[in-house]
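Chain naming here is simple, since letters A, B, ... match the order of the sequence lines and numbering starts at 1 in each.
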Amino acid sequence: MSEEMVKFKIDGKEVEVAKGTTILEAARAEGIRIPTFCYHERLTPIGSCRLCMVEVEGYEQPVPACMTPADNEIEVTTQSDLLYEMRRDALKLILLNHPLDCPICDKAGECTLQDLVYEFQIEQVEFQEKLPDKGIPEYATPFIKQWTDRCVMCLRCITACREITGNQAIDIVGKGWDAKVTVVNPELCKSCGECLSVCPTGALTDKLMSVKGRKWFIDRVRTTCVYCGCGCQLDLNVFQDKVIKVTTEHGVGPNKGSLCIKGRYGFEFIHSEDRLTTPLIKKDGEFKEASWDEALDLIAEKLKYIKENNGADAIFGLTSARATNEENYTFQKFFRSVLGTNNVDHCARL
Amino acid sequence: MKRGAKLIIVDPKRIDLVEYADIWLQPKPGNNVAWINGFMNVIMENNLIDEDYINERTEGFEELKATVKKYTPEEVEKITGIDADKLKEAAMLYGKAEKASILYAMGITQHSNGTDNVKSLVNLALITGNVGKEGAGVNPLRGQNNVQGACDMGGLPNVYPGYQPVDNEDNCKMFSEAWNCSCNLNRGKPLTEIPELVNSGKLKALYIMGENPLVSEPHLKHIDEVFDNLDFIVVQDLFMTETAKKADVVLPAACFAEKDGTFTNTERRVQRVRKAVDAPGEAKDDLSIISMLAERFGVKLSNEPEKVFEEIRKVTPQYAGINYKRIEENDGVCWPCPDEEHPGTPILHIDKIIRGKGLLTAIENKQPQELPDNEYPFLLTTGRRYEQFHTATMTRRSQALNHYCPAAALEIHPDDAKKLNINDGEKIIVSSRRGSITTNAKISERVAKGVVFGCFHFSESAINVLTNPVLDPVAKIPEYKVCAVNIKKA
């Protein structure tokens, strides 16, 4: 069954897409940029921000590109003076609900709103309204901080909680100026941080680590999660040789940017004070610190002695489902080729 | 599911996913073959089998059919407690699906007939043509980051890297040449047979890299004694684990954030691990440690991950076409990948079943080895909690995870708790024929009456003191999922 296609024009260019494709998706596939704010690739279009407005010939009003399916024969314009002004006004309205507190915001430097305000050269907030102080409430999790005054009600967090995690821990409560994102089912929240990861402003920020590092001070190292077998791709955020948080890139890896609580918040063991930092040799029932040479010489001596007196099969090696392929390979190679036994196993049965 | 997928859950516990399921079947732990045969019975009775697929791609159907005939939904209800009508409904749903995927984990494997359970799932998928296409298959969900890779790399007693048997002369010769040594043709022993080997005086030394068997193995009291009878133990780990405390030498290892390399996930996707920070103090990555030790035997083993990977490719046919550059460019590569032009294989058995014909095996249900009786009236089934990982050496040192799951608890049905006069959170003593632990009661309708659930993460209430060390004869996996216990107030 071949897919039904529609043909239309976008900025004068003839394009053909599968029926049901939105104008925004079609534009992106053609490399045409339409500014967006609340739109997120993994979520059903929300259509709350009005930034992706485009003109369609013959339509009375500009339409949001994220929610409008492309249709046969339409002609779409993505850039015009009218659209620029509309988008600029939409941003100014968003800023009604957002203080320009970028200097103290963790999100600065990777904030969609900050980038758009900069791009549209909004130098001052023209509209002002005395807003009720919403305070900083308890969020669903002690590890995420909710800054209600920074929340512009884009609804990404609520949509992600519902659509990606399948929970509905958070929702909007109240109307008009009093409306805010609130935890409605705290028992459903497992601190996966999906809400945090889709927030396009600093309304939700990480509260786990006391050490903070702005984006431009941080190195992000892409790696594979150390817990279960899903192989989620995540970025360790490194500041002064410490992992201070974990972030993801949307769409990347088997997890497509999502994580569970272990992937997002299970990294603190890395810098635990309990880490072993030196080889230890037991003498008279007590561990004594030793040098690598002392420890490895002793191991070699003992293993050689046992091999000589009891045979290689008197030695058994447990390799690890936590170690890398390269380490596992080398461990079994050491046992098979150097010690001469096939007694190698690991906890695959757990 | 938003797009119309149906979800069937078969689990003795009311797991979180049950909330999203179309049908939940709650068998008594330990009778998996019965309900799987029951599924096939319904599917055959209603002629929902894929006859062309069975004729072209499988063998053994007639024997299977004869065995499955006995497992009517009514019969299965007697064995498993699953309502016959519900079983029929679920089997029809699976049987009618254009494509259906089976996902399983240790609830299937950790039984004294774990291999039978897996083979039964394979039977079910094969007779409905659900092997070898996208969105179908029999998919084990692996519980550890690199359990797939550790197996692929020959971290098993019977096979070299790439599952090449050690007791095959050609393989032995090939690896002897590749490694410049003379390899041993005798199969090694599995981890679960270590107690026997030590007690018979055959095993003297144990070298453990990143494992904590003194919390994770069944019948811990016995394991503890076994460790006392070893002449020499080396443990290489991040922390002073319960197992490390027993060692003669402890070596400080680097963690995943402190080294380069690759992990292979449950989809057989080989992905990169990258160094982000330095290891603390004098801790070193496992690769460097083994390399330094090998030097003392006059052997040079590389400590450079990429060089080691290049060597892995040469001796592991499934990995032959994978290299660091391709992993980088493609977001990981799934094996088998025989050469550098090959895109990798996310779905196995597409054109034909790899072994030739898909083997259907007629299998009878077997009872677990130890069932509740008057003295030990409860059935204990063990497993994991979402917020903790394994013996919890890493997760208990992360505050967010402990916030949600700070301590061990035994889940018990409200009716059972009432009978025993036990309150939620109360301290209880749980005993099996092998030992006793003290833990907290958690009154919960997640478990059925007569069944209790405990996790193995917490060493101070180590559930594996209680578990039964009987093994599946093929996979040598212990029966963690079923043993008999009694419960008293502490």
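- Remark: A:R336 fails to qualify as a cation-pi partner of B:F175 under the 6.0 Å distance and 45° angle criteria applied to the six-membered ring.
- The parts of A:Y329 that come within reach of chain B are both its backbone and its side chain, each placing non-hydrogen atoms under 4.5 angstrom from that chain.
- Counting non-hydrogen atoms of neighbouring residues, nucleotides and ligands closer than 6.0 angstrom, the CD atom of A:E273 reaches no more than 12 such neighbours.
- When each of A:T319, A:D241, A:V238 is checked for heavy-atom pairs under 4.5 Å with chain B, A:D241 comes out on top.
- With a 6.0 Å radius and a threshold of 12 heavy atoms from other residues, nucleotides or ligands, A:E289 has its CD atom at or below the threshold.
- Using a 4.5 Å cut-off between heavy atoms, A:L208 touches chain B through backbone and side chain atoms alike.
- Heavy-atom distances place the side chain of A:F335, and not its backbone, under 4.5 Å from chain B.
- Using modelled atom types, one finds no donor on one side chain facing an acceptor on the other under 3.5 Å when comparing B:R268 with B:Q148.
- Heavy atoms closer than 4.5 Å to chain A are found in both the backbone and the side chain of B:V273.
- Looking at B:Y404, only its side chain comes within 4.5 Å of chain A, counting heavy atoms on both sides.
- Between B:E387 and B:N402, the side chains place no donor N or O within less than 3.5 Å of an acceptor N or O (distance only, hydrogens not considered).
- Only the side chain of A:V338 comes within contact range of chain B, with heavy atoms under 4.5 Å apart.
- With a 4.5 Å cut-off on non-hydrogen atoms, A:T278 touches chain B through its backbone and its side chain both.
- Checking A:T248 against A:Q233 by side-chain atom types alone, no donor-acceptor pair falls below 3.5 Å.
- For B:K204, the parts lying near chain A are the backbone and the side chain together; criterion is any non-hydrogen pair under 4.5 Å.
- With chain B as partner, the option from A:T341, A:I315, A:T277 having the largest number of non-hydrogen pairs under 4.5 angstrom is A:T277.
- Ring planes of A:F269 and A:Y227: perpendicular class, angle over 60° (limits at 30 and 60°).
- Of the atoms belonging to B:V166, it is side-chain heavy atoms, and not backbone ones, that fall under 4.5 Å from chain A.
- Interface residue A:I306: only side-chain heavy atoms are found under 4.5 Å from chain B.
- With chain B as partner, the option from A:R349, A:E163, A:E268 having the largest number of non-hydrogen pairs under 4.5 angstrom is A:R349.
- Heavy atoms closer than 4.5 Å to chain B are found in both the backbone and the side chain of A:C347.
- Residue B:T262 touches chain A through both its backbone and its side chain, counting heavy-atom pairs closer than 4.5 Å.
- Counting heavy-atom pairs closer than 4.5 Å to chain A, the top-ranked of the candidates B:A283, B:P305, B:S182 is B:P305.
- Ranked by heavy-atom pairs under 4.5 Å with chain B, the first of A:V252, A:D293, A:V243 is A:D293.
- Within a 6.0 Å radius of CG in A:N309, more than 12 heavy atoms belonging to other residues, nucleotides or ligands are found.
- Only the backbone of B:R272 comes within contact range of chain A, judged by heavy atoms closer than 4.5 Å.
- For B:D286, the parts lying near chain A are the backbone and the side chain together; criterion is any non-hydrogen pair under 4.5 Å.
- Only the side chain of B:E258 comes within contact range of chain A, with at least one heavy atom under 4.5 Å from a heavy atom of that chain.
- For B:V315, the part lying near chain A is the side chain, with the backbone staying farther off; criterion is any non-hydrogen pair under 4.5 Å.
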Query raised in the report: Where do A:L280 and B:M240 land on the side chain to side chain contact (heavy atoms under 4.5 Å, CB included) test, with the steps shown first?
Result: CA-CA 10 Å; A:L280 301 167; B:M240 184 54 79; 3.5 Å; yes
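- Looking at B:K275, only its backbone comes within 4.5 Å of chain A, counting heavy atoms on both sides.
- Heavy-atom distances place both the backbone and the side chain of A:N167 under 4.5 Å from chain B.
- A salt bridge links A:D235 and A:R222; the closest N-O separation between the charged side-chain nitrogens and carboxylate oxygens is under 4.0 Å.
- With a 4.5 angstrom heavy-atom cutoff, A:N310 touches chain B only via side-chain atoms.
- Ranked by heavy-atom pairs under 4.5 Å with chain A, the list B:G210, B:P252, B:A294 is led by B:P252.
- Checking A:F316, A:F331, A:F334 one by one against B:Y207, the ring pair (Phe, Tyr, Trp, His ring centres under 6.0 Å) holds for a single residue, A:F331.
- Checking B:S291 against B:N303 by side-chain atom types alone, no donor-acceptor pair falls below 3.5 Å.
- Counting heavy-atom pairs closer than 4.5 Å to chain A, the top-ranked of the candidates B:P478, B:G149, B:G188, B:A205 is B:A205.
- Counting heavy-atom pairs closer than 4.5 Å to chain A, the top-ranked of the candidates B:E295, B:R187, B:K284 is B:K284.
- In this structure, chain A has a heavy atom under 4.5 Å from the side chain of B:I194, while its backbone stays farther away.
- Neither the backbone nor the side chain of B:R396 comes within less than 4.5 Å of any heavy atom of chain A.
- Annotation: maximal heavy-atom pairing with chain A below 4.5 Å, among B:E19, B:Q236, B:K476, occurs at B:K476.
- If you check the side chains of B:E311 and B:S302, you find no donor sitting under 3.5 Å from an acceptor.
- One finds a salt bridge joining B:D16 and A:K190 here, because a Lys/Arg side-chain nitrogen approaches an Asp/Glu carboxylate oxygen to under 4.0 Å.
- Residue contact with chain B, scored on non-hydrogen atoms closer than 4.5 Å, involves the backbone and the side chain of A:V344 alike.
- B:T264 and A:N325 are linked by a side-chain donor-acceptor pair at a separation below 3.5 angstrom, with hydrogens and angles left out of the test.
- Within a 6.0 Å sphere centred on NZ of B:K307, other residues, nucleotides and ligands contribute 12 heavy atoms or fewer.
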Query - Pair A:K207-A:D106, salt bridge (charged side-chain N to carboxylate O under 4.0 Å, His left out): steps then yes or no - result: CA-CA 10 Å; A:K207 205 169 86 172; A:D106 289 357; over 6 Å; no
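- Among A:K304, A:H271, A:E326, the residue making the largest number of heavy-atom pairs under 4.5 Å with chain B is A:E326.
- When heavy atoms are compared at a cutoff of 4.5 Å, B:Q110 approaches chain A solely by way of its side chain, counted from C-beta outward.
- No side-chain donor-acceptor contact under 3.5 Å links B:Y160 and A:Q332.
- There is no contact between A:N237 and chain B, counting heavy-atom distances below 4.5 Å.
- Heavy atoms of B:L301 lying under 4.5 Å from chain A belong exclusively to its side chain.
- Options B:E267, B:Q388, B:M106, B:E217 differ in how many heavy-atom pairs under 4.5 Å they form with chain A, and the most are formed by B:M106.
- Heavy-atom pairs under 4.5 Å with chain B peak, among A:N343, A:I299, A:T330, at A:I299.
- The environment of A:K282 atom NZ is dense: over 12 non-hydrogen atoms of other residues, nucleotides or ligands sit within 6.0 angstrom.
- With respect to the salt-bridge test (charged N to carboxylate O, under 4.0 angstrom), the residues A:R220 and A:E249 do not qualify.
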Query - Evaluation steps, salt bridge (charged side-chain N to carboxylate O under 4.0 Å, His left out), between B:R274 and B:E328 - result: CA-CA 11 Å; B:R274 294 183 183 85; B:E328 188 88 41; 3.3 Å; yes
